[in-house]
Asker: 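Okay, handing you the structure first.
What's counted below: heavy atoms across the whole structure, side chains too, no hydrogens, waters or symmetry copies. A, B, ... follow the sequence lines: proteins, then strands. Residue 1 opens every chain.
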Number of protein chains: 2
Amino acid sequence: MSTSTKKHSSGCLVAYGLDTFGDRWTLLILRDMVLYGMRRYGQFLSGEEKIATNILADRLKHLEQEGIVQRARDPENRRSYIYSLTDKGLDLVPMILEIIRWGGKYTPLTPRRKKLVGRINDDCAGLLQEIRQRVQNPVE
Amino acid sequence: MSTSTKKHSSGCLVAYGLDTFGDRWTLLILRDMVLYGMRRYGQFLSGEEKIATNILADRLKHLEQEGIVQRARDPENRRSYIYSLTDKGLDLVPMILEIIRWGGKYTPLTPRRKKLVGRINDDCAGLLQEIRQRVQNPVE
DNA sequence: TCATATTGCTTGTGAAAAGCAAGTGAATAG
DNA sequence: CTATTCACTTGCTTTTCACAAGCAATATGA
């Protein structure tokens, strides 16, 4: 169950990105953190795409090694951990928003998503600010 | 050799993006088109990451089905085809630039790449315009 | 004009990764 | 002090990747 998604190692920056988040699951985990404020293993597991538990463990480990998320004990429940985005992880938010913007242009939208896409188009900077804030001091 | 990368089909826009370009090779093909102006099968094959020929064929087919690239006969060589970006494909450029920007922040850069990243940071709109122009009337 | 090379693929096969189910161990709840 | 929750790990099957070889259509050179 290697933590190693195979590397391109060409020096290209796109390839570097692919090596760190370019598989079928990693970006969904990051989306869950960025958009839905998820922070615990069980939350990721119960996301709508049903990631397998071994894959999830592997990807979280990889993200931690890459310095994109950090893992800390939950002070209120000693068998739980809290995963949170580092600055390097937060810097991925603009790219994630670009993916959403693109998707929003080419696929039908629920009202909820329509609102998000509108926000990305009209007030990207503000949204970014808001996400940063929310991720750094979560409400729950 | 199915052209079907398995789908998430959750309705999420990030998942939609992943379903259309979220594997280890598709974005590299698009990068080759956007950044290096590649347009033929053989060019993609000889890229620095050494994509396998069956994977390349599969991904090009998929990109065409998704309406991101289009395939046309080369009028100057009847055994060759020319792959080019559609509008839907061109709309992916901002996301690709975001990936590069992110990578540029977290990995050492050659002077050449440094220049590109600087351009993305300082004149993203101009660069985008330039890429559009170059992709739509290629020099070669 | 006829062998040879180029171009864009397809096919076959082993290796790697994904996906599923079941199990483990530590912490907490009842 | 038993049962449950939480965060994983392990084992196994299925799917996908990666490498090598082959192939058909067009082009080139003698």
Asker: Quick one: which of dT7(C), dA7(D), dA18(D) gets closest to the side chain of Ala52(B)?
Answerer: dA18(D)
Asker: Would His62(A) and Asp23(A) count as a side-chain contact (heavy atoms from CB on, under 4.5 Å) here? Give the steps.
Answerer: CA-CA 12 Å; His62(A) 186 231; Asp23(A) 70 284; 6.0 Å; no
Asker: Return the value, rounded to whole Å, for the distance between atom OH of Tyr81(A) and atom C1' of dT5(D).
Answerer: 14 Å
Asker: Please report the distance, rounded to the nearest Å, between CG in Leu45(B) and P in dC9(C).
Answerer: 10 Å
Asker: Rounded off to whole Å, could you give me the CD-to-P distance for the Glu49(B) and dA18(D) pair?
Answerer: 12 Å
Asker: Output the rounded distance in Å from CZ (Arg71(A)) to C1' (dC8(D)).
Answerer: 9 Å
Asker: What is the distance from CG of Leu60(B) to C1' of dG8(C), rounded to the nearest Å?
Answerer: 10 Å
Asker: For the residue pair Glu66(B) and Thr20(B), confirm or rule out a side-chain donor-acceptor distance under 3.5 Å.
Answerer: no
Asker: Return the value, rounded to whole Å, for the distance between atom CZ of Arg39(A) and atom C1' of dA7(D).
Answerer: 16 Å
Asker: Is any side-chain N or O of Arg59(B) closer than 4.0 Å to OP1 or OP2 of dC17(D)?
Answerer: yes
Asker: Does OP1 or OP2 of dT7(C) have a side-chain N or O of Ser80(B) closer than 4.0 Å?
Answerer: no
Asker: Got Leu30(B) and Leu63(B) here, is their nearest side-chain heavy-atom distance under 4.5 Å?
Answerer: yes
Asker: Among the candidates dC9(C), dC8(D), dG19(C), find the nucleotide nearest to the side-chain atoms of Tyr41(B).
Answerer: dC9(C)
Asker: Just by distance, no angles: are the side chains of Arg79(A) and Asn77(A) close enough, under 3.5 Å, to form a donor-acceptor pair?
Answerer: yes
Asker: Report yes if a side-chain nitrogen or oxygen of Arg40(A) is closer than 4.0 Å to either non-bridging phosphate oxygen (OP1 or OP2) of dC8(D); otherwise report no.
Answerer: no
Asker: Between dT28(C), dG19(C), dA18(D), which nucleotide has the shortest distance from any of its atoms to the side chain of Arg24(B)?
Answerer: dA18(D)
Asker: Can you check the Asp74(A) CG to dA27(C) C1' distance for me, whole Å?
Answerer: 12 Å
Asker: Looking at dT9(D), dA21(D), dT7(C), which one has an atom nearest to any side-chain atom of Lys61(A)?
Answerer: dT9(D)
Asker: So, is Tyr83(B) near the phosphate of dT7(C), with a side-chain N or O under 4.0 Å from OP1 or OP2?
Answerer: no
Asker: Between Glu76(A) and Trp25(A), name the one whose nearest nucleotide on DNA chain C is closer to the 5' end.
Answerer: Trp25(A)
Asker: Quick one: Asn54(B) CG to dC23(D) P, roughly how many Å, whole number?
Answerer: 17 Å
Asker: Would you say dC6(D) has OP1 or OP2 under 4.0 Å from some side-chain N or O of Arg78(A)?
Answerer: no
Asker: Less than 4.0 angstrom between a side-chain N/O of Arg79(B) and OP1 or OP2 of dT6(C), yes or no?
Answerer: no
Asker: Parallel, tilted or perpendicular: which describes the rings of Trp102(B) and Phe21(A), with under 30° parallel and over 60° perpendicular?
Answerer: perpendicular
